[in-house]
Amino acid sequence: MASIHRTPLIAGNWKMHLTVKEAGELAAAIKKGLDPDLKHEVLLAPTFTNLHAVKEAIAGSKMFLSSQDVCWEEKGAFTGAVSPAQLLDAGCTHAIIGHSERRKIFLETDEVINKKMKAAIKAGLTPVLCIGETLEERESQKTYRVLETQLNGAFAGIPVLDVAKVIIAYEPVWAIGTGKTATPQQAQDAHIFVRRQAERIYGKDFALSVRVLYGGSVKADNVDELMAQPDIDGALVGGESLKADKFLRVIHYQPALVR
Ligand code: PGA
């Protein structure tokens, strides 16, 4: 299912890395190396404490700023949390929601992720919703069931009019930070499934227009093959986005080099 144009998006998820100074410098180096005629989108997701420095560093470029998480509440006694309005105020346009590290380490459920989706959308932040199966789930043939459950949970009660800008990132947990990338075919198959689920939930227009990123050990030397797949609309990049030269190569991927 790939008949309409979807603007590709390459996103860097910097996780809990870098000082304020390092994040500002990395963002500046990426900005400097960007092709001025780049047609697709680039998103940087630094730690909360580094948002300001990155915002300053990317000013005047076409890059967007994202948080790695968001709270579902608007304000109040929620120690340690950051609200959608605060993220907008800090310059974010996007928020990563439901990353597998949040699900696994911080025990986030589909219900919590759904609340975060609703709060982000209500505030005008674009969610980058992460879904993906563990190795055990893949090996016991549960991949599609898991993806279906995660999509149903994340989108529960959200009307079609509200999802136009939502981005989905398929990130098989077994490929994150492990150096084991899904093969381009495995990723393409999962993306087709995600698009079918998107159609089931919201209809064909959404399914054709929603951008589905792949994440999990995307590197300078495998991005071309991944981006050559018709249903892969971009990448969510962890480790490789922490090195300016490598991430710049990912950003400037060249599917035409794939034979
Ligand atoms: P990785 O992380 O590229 O280091 O595997 C991807 C992610 O967690 O988004």
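Phe106 and His99 have their aromatic ring centers separated by at least 6.0 angstrom.
Using modelled atom types and a 3.5 Å distance limit, the side chains of Asp231 and Gln188 yield a donor-acceptor pair. Between the side chains of Glu22 and His17, no donor N or O sits under 3.5 Å from an acceptor N or O.
Under the rule for a ring pair (Phe, Tyr, Trp, His ring centres under 6.0 Å), Phe78 has no partner lying at least two apart in sequence or in another chain. The ring pair (Phe, Tyr, Trp, His ring centres under 6.0 Å) check on Phe247 picks up nothing, with sequence neighbours excluded.
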Can you give the donor-acceptor pairs under 3.5 Å from side chains of residues 23-35 to other protein atoms, not counting sequence neighbours?
unit_1	atom_1	unit_2	atom_2	d
Glu25	OE2	Lys21	NZ	3.1
Lys31	NZ	Ala59	O	2.6
Asp35	OD1	Asp37	N	2.7

I'd like a table of donor-acceptor pairs (distance under 3.5 Å, sequence neighbours excluded) in which one partner is a side-chain atom from residues 159-170, with atom names and distances.
unit_1	atom_1	unit_2	atom_2	d
Tyr170	OH	Glu133	OE1	2.9
Tyr170	OH	Glu133	OE2	3.0
Tyr170	OH	Arg138	NH2	3.2

Return all side-chain donor-acceptor pairs below 3.5 angstrom for residues 86-96, not counting sequence neighbours, or 'none' if the list is empty.
unit_1	atom_1	unit_2	atom_2	d
Gln86	OE1	Ser83	N	2.9
Gln86	OE1	Ser83	OG	3.4
Thr93	OG1	Leu65	O	3.3

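Residue Lys15 qualifies as enclosed at atom NZ: its count of foreign heavy atoms under 6.0 Å is above 12.
Ion pairing between Asp233 and Arg195 holds under the 4.0 Å rule for side-chain N and carboxylate O. For Glu240 and Lys243, the salt-bridge test passes: some basic side-chain N is under 4.0 Å from an acidic carboxylate O.
Through direct or relayed side-chain contacts under 4.5 Å between Ile, Leu, Val, Met, Phe, Trp and Tyr, Trp174 connects to Leu135.
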